[in-house]
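To find a chain, count down the sequence lines: A is the first, B the second, and so on, and within it residues start at 1.
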Amino acid sequence: MNNVVMCDPPVHDRPAHVNTTPAENRPRFLSEADCQGITQYLASVARGGGETDVRIWSYWTGHVRWARNQITTSGDVRNNYIHVRRNLRGTRSGTVAINETTDAALVAAARRAERLALLESEKPEWELLNPTTLEPALAPQLFSETTYQLDADHRAAAAIQLATTAASAGVLSAGYIEVAAHSIAMLDSQGRMYYRPYTQASYSVTVRDPHGHGSGWAGVDWNDWGRIDPSQITERALDKCLRSRNPVAVEPGRYTTILEPQAVCDFVWWMIGYRPSIDRVGNEDPRASPRHPFFKMGETSYPYMLARSRLGEQVVDPRITISADPMDPDLGFPPFSSWAESVTRAEVYHPATWITNGVLTALAYNRQYAVEKLAQATGLPNEGAFRMSGGETSIDEMITTTKRGLLVTRFDQITLLDLTSLLLRGYTRDGLWLIENGKISKAVKNMAFTESPLFALNNLDQLGVPQRVYHPATGRVALPQPVVVPPIKVRDFSFTALSDAV
Amino acid sequence: VDPEPWQTLAQQAIDTARSAGAQYADARLTRIVQHHYSFAGPDGGSVTDVSDVVGVGVRTLVNGYWGFTASPVHTTDEVVRLARDAVAQARVNARGTSRTVEMVPIPRITGHWVTPIATDPFTIPVEEKLDTIAYWMTYAERVGVEISDVPSYLHFARQDRIVATSEGTLVTQTCYETSGKIEVRHPVINQPHAKLELQGLTPAALGWELFAAAHIPEQLDAALAGILDRDALHQAAQPALVGRYTFVCDGVTMASMVEQTMGIATQLDRALGYEANAGGTSFLDDPLSMVGQLQVAAPLVTITGNRNVPTQLATVQWDDEGVVPESFPIVQQGVLVDFQTTREQATWLAPYYARAKRPARSHGCAAAEDGLSITLQHMPNLALAPNPQTADIAALMADVKDGVLIEGGSASADFQARTGLLRGNMRKITNGKLGAPLNGGGLLFDTLDFWKNVRALGDTTTTATRGTSQYRGMFSWFLTPSIAKGQPAQMTSHSVQAVAATIANQPLIDPTRKA
């Protein structure tokens, strides 16, 4: 029992799967049946008893990219990441990740996982409290045929047409269209399974003056390519480029500042999406130092300080509510946290309202925390998707009601300077204007800012209508992080340095 | 990897692409094996990540336009599909306005190369590595410190890569990377400064010998005293006084400055706007009129690029287009003299090379994260040339009347690498003597002003190397935004080697101070 017998894999009949299908008919990503076939095969070749857990992330992505008004690269890529976990004697497990679906690769992964399992220490008690039935997970409809059918031909045609818009205006565009179909699956050898397919589509474009004197950007992502209006986005970037040319410098200082929705996303994401932000597990760790401002030091029990959260306290302006619901038709994301170790330990996403009318009403935690600290069975994950409530004020109205201020298109290169105050530093990019006496008076040079979202959201003047912005998943297999936010006008936003970067 | 079937697949992909009408095609097959060890287990370490990931990528050129397809399936029918689809893709792209892609000619090459390492880390049994981690943890406790389970780790990566081109180049390479992070903390004092990171574990193209060379037990022996010294120093720390000072930056700090300013700005695709919708452009925004002319640094500054220095992460025998990389100056005696290039990009600078009576030659910067990513220009290894005269860090400081020393600093810059902020551990220098630590300071730099004000460089005793690895466990969860290239974003590994330097008249600010 202590030794895993290493020998040649037995020959088993496998259900029809990707490798036995002719290349031309091979699916672009793994179906539910493919995932079940892989899991059954793994279970059938397992050695040493125990159970087999499998997680699969499979995707196809098609993209086209252009610069200087001509297509530079494009691509059509498929991939399947398969995590094989073998649980031996119920308490030890080993995991191996592969991206091949051949029998030989699967058998090798199972063997390797079994060897690693024997080297692992026994699992802590909470991990043994596995539920036998799966927690029901939401089932948002996130698959768009329009996205899935946007092939290389259609992508190229769109790119060529969009690049022509900039070329005829005498400027240079650099754009990117990406469509993707994913499936995530968590399964085990007892037949339990979650499987969710979803699509993603995005378009973003930068339009630059040929002499580098001005630059404009616009972009958005949805799961459905049909909800993206590429011409309108291109027009917006072109307009920003033309209006941002030959900027003048203004003094750094505190300005009444209108943040367009993209800038709000870039900035406020650090308060909600940035992982340590609203996570109870990390921040309540007595060794944690520093901590997010949603947590404060509790009683001192030397050498460690216990942290208490600000749950129930007013943390931002009462007009702000921040929530995340996988079923939200304008948000919509797969109802799971990043990969759990097994299907029974999947972190199922529940609709959450982190901030209600300015009051901190929820903080994220994982299942281990739920079991150990709250005597609950399920965690409250946060993967960074969020919706922020808004108001009725249009950006035009925000401008006309501003005596002197700045209008920001977006931020870039943001770094965290200080977690305890959530102080950020970054740059404005692709369109910054001065507002004087209710009108945009001139384009101004980019500036570095030094500001905290907590300060800005407590100095709110006006809010506009929330809208979907550009916030596609980062990395090949990261979960989508859709964001819906309003434009806002804040007082005393702090700009600290000039930059000649365009 | 048994290279033969892979070579056959690569050849089949190229033959298919050629017969489907590609004027040029290349195929890359990769296999990346990674083992990640944490210090988190109750009995010592544990293996937290084992992955084995393959990729086939086919790139084709039709009428001046590229196509690219990739998948993890290594079968004949799949590579045939990939090649056909890549040609069809290039052809639909080529409906755009007329475009020419010229690649500078290179000799046809076949060969095999392996990173020169002493001990293949994958041949050391898992049990032995876990025992080593357990030993270090026990040893640390015995000498009065703790190894923090987060963020300490050991990481091993091996990439097998075949590159085949329609010009007849066929090369196979195996590249190794080893890295680690061991953070040691005081068992009782829970303060950010009451910990230190062991030296010598920056990612490198080395095997298991990285850890032997780092002398971990000896470093642990000195750790408690080191932490208490830091703690005592911290008690004496003064707030940084805003103003203009002469700065002495150590090698690690200068490596970060080289990478984040010149390393980013001299990527030819960035400079010409090809990355405008991604990471950004460059302050060197008119390459042809600037190269060979523009003074970008003090005359004592020479920065070279290379992919052939042993132990450095971007080092290969051939790049992803079959080019044998050489060391090339980017900034020579303060003048911008070249850019980082691929075979296609080298032709963009042809008028300059003709003027300078140099052959147009790729600097071998074509690379991709793996077979699933398209080949792009990526940052090579970079080096800031040392002072040939004797000048250790003490000598650099001896000439400073009222200044600041920055150790272990890291820079971040804007999207044109034009301005930025440099932060690190700062200490006051008064009349050549090292003084109290300074809390909360930052050097607000303008790239050209910073480099033009370099007054002295350190000798080789001040050399430090900083490795930036593409491997972050199984997935590309977090790319370093300033290093990542392309859309979809990808990242490759490189090292930057630099000596210490003295820079005059730079602004010290309090970065956390708002307007």
Side-chain angles (χ1 to χ4, degrees), chain A residues 22-24 63 65 67-68 70-80 96-100 112 116 119-121 152-153 156 160 172 174-176 204-206 208 212 252-254 287 289 303-304 412-413 415 417-418 423 425 427 429 450-451 475-478 494-497 499-501, chain B residues 41-43 46-47 50-54 65-73 77-78 80-81 85 88-89 92-93 95-97 99 126-127 130 188-192 273-274 276-277 283 285 372 374 412 414-416 418-419 421 444 474-479 481-482 487-488 511-512 514-515:
Chain A
E24 297 305 324
H63 49 265
R65 187 179 192 223
R68 301 176 72 93
Q70 292 189 314
I71 293 174
T72 52
T73 57
S74 61
D76 218 284
V77 178
R78 300 175 188 180
N79 200 5
N80 317 299
V96 169
I98 56 173
N99 74 337
E100 285 184 287
R112 176 103 210 178
L116 291 176
L119 294 167
E120 285 298 301
S121 34
D153 194 350
I160 291 164
L172 298 175
Y176 182 61
S204 64
V205 63
T206 301
R208 289 177 68 80
R254 295 201 179 206
R287 284 215 86 126
S289 169
Y304 306 133
D412 190 44
Q413 309 281 330
T415 53
L417 291 178
D418 173 36
L423 191 66
R425 184 180 194 272
Y427 297 88
R429 181 170 169 183
T450 306
E451 193 53 273
R476 287 178 188 158
V477 288
S494 161
F495 292 92
T496 44
S499 171
D500 283 331
Chain B
D43 316 327
S46 65
V47 193
V50 168
S51 67
D52 187 340
V53 168
V54 296
Y65 281 86
W66 293 105
F68 175 72
T69 52
S71 99
V73 182
D77 67 340
E78 180 72 356
V80 166
R81 179 189 74 78
D85 284 1
Q89 203 187 94
V92 295
N93 292 345
R95 290 173 305 191
T97 51
R99 184 172 194 265
V126 172
E127 292 84 344
L130 293 173
V188 174
I189 306 171
N190 180 32
Q191 293 292 337
Y274 288 93
N277 193 46
F283 70 89
D285 54 4
L372 298 166
I374 194 166
S412 60
D414 63 42
F415 41 88
Q416 284 191 320
R418 200 181 275 271
T419 62
L421 182 67
L444 185 70
M474 171 70 189
F475 302 119
S476 316
W477 288 117
F478 296 108
L479 295 153
S482 58
Q487 289 173 303
T512 62
K514 300 211 288 184

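With chain B as the partner, the residue from A:Thr415, A:Asp153, A:Leu172 showing the most heavy-atom pairs under 4.5 Å is A:Asp153. For the set B:Lys514, B:Arg418, B:Arg95, the entry with the most heavy-atom pairs within less than 4.5 Å of chain A is B:Lys514.
Here the closest heavy-atom approach between residue B:Gln416 and residue A:Asp500 is recorded as OE1-O, 4.0 Å. When every heavy atom of A:Ser499 is checked against every heavy atom of B:Asp414, the shortest pair comes out as OG-OD2, 3.0 Å. Closest approach of A:Thr450 and B:Pro511 over heavy atoms only: CG2-O, 3.3 Å. Across all their heavy atoms, B:Gly273 and A:Ala174 have their closest contact at O-CB, 4.2 Å. Between B:Val92 and A:Ala152, the shortest heavy-atom contact is CG2-O, 3.7 Å. In terms of heavy-atom proximity, A:Ser204 sits nearest to B:Asn277 at OG-ND2, 2.9 Å.
With hydrogens and angles left out, the side-chain atoms of B:Thr512 and A:Asp418 include no donor and acceptor closer than 3.5 Å.
No donor-acceptor pair closer than 3.5 Å links the side chain of A:Arg78 to the backbone N or O of B:Ser71. The backbone N or O of B:Phe415 sits nowhere less than 3.5 Å from a side-chain atom of A:Gln413 that would complete a donor-acceptor pair. Panel note: side chain B:Asn93, backbone A:Ala156; no donor-acceptor pair is recorded below 3.5 Å. Put simply, the side chain of B:Asp52 never gets that close to the backbone of A:Ile98: no donor and acceptor are under 3.5 Å apart.
Separation of atoms CG (B:Leu421) and OG1 (A:Thr496) is listed at 9.0 Å; rounding is to 0.5 Å. In this structure, CD on B:Gln487 lies 5.0 Å from CZ on A:Arg65, to the nearest 0.5 angstrom. The CG atom of A:Asp76 sits 6.5 Å away from the CG atom of B:Asp85 when rounded to the nearest 0.5 Å.
For chain B, the nearby parts of A:Arg429 are the backbone and the side chain; heavy atoms of each come within less than 4.5 Å. Using a 4.5 Å cut-off between heavy atoms, A:Arg254 contacts chain B through both its backbone and its side chain. For B:Phe283, no part lies near chain A; criterion is any non-hydrogen pair under 4.5 Å. Using a 4.5 Å cut-off between heavy atoms, A:Leu116 touches chain B through its side chain atoms alone. Contact annotation for A:Val96: both backbone and side-chain heavy atoms come within less than 4.5 Å of a heavy atom of chain B. A:Tyr176 touches chain B through backbone and side chain together, each having a heavy atom under 4.5 Å away.
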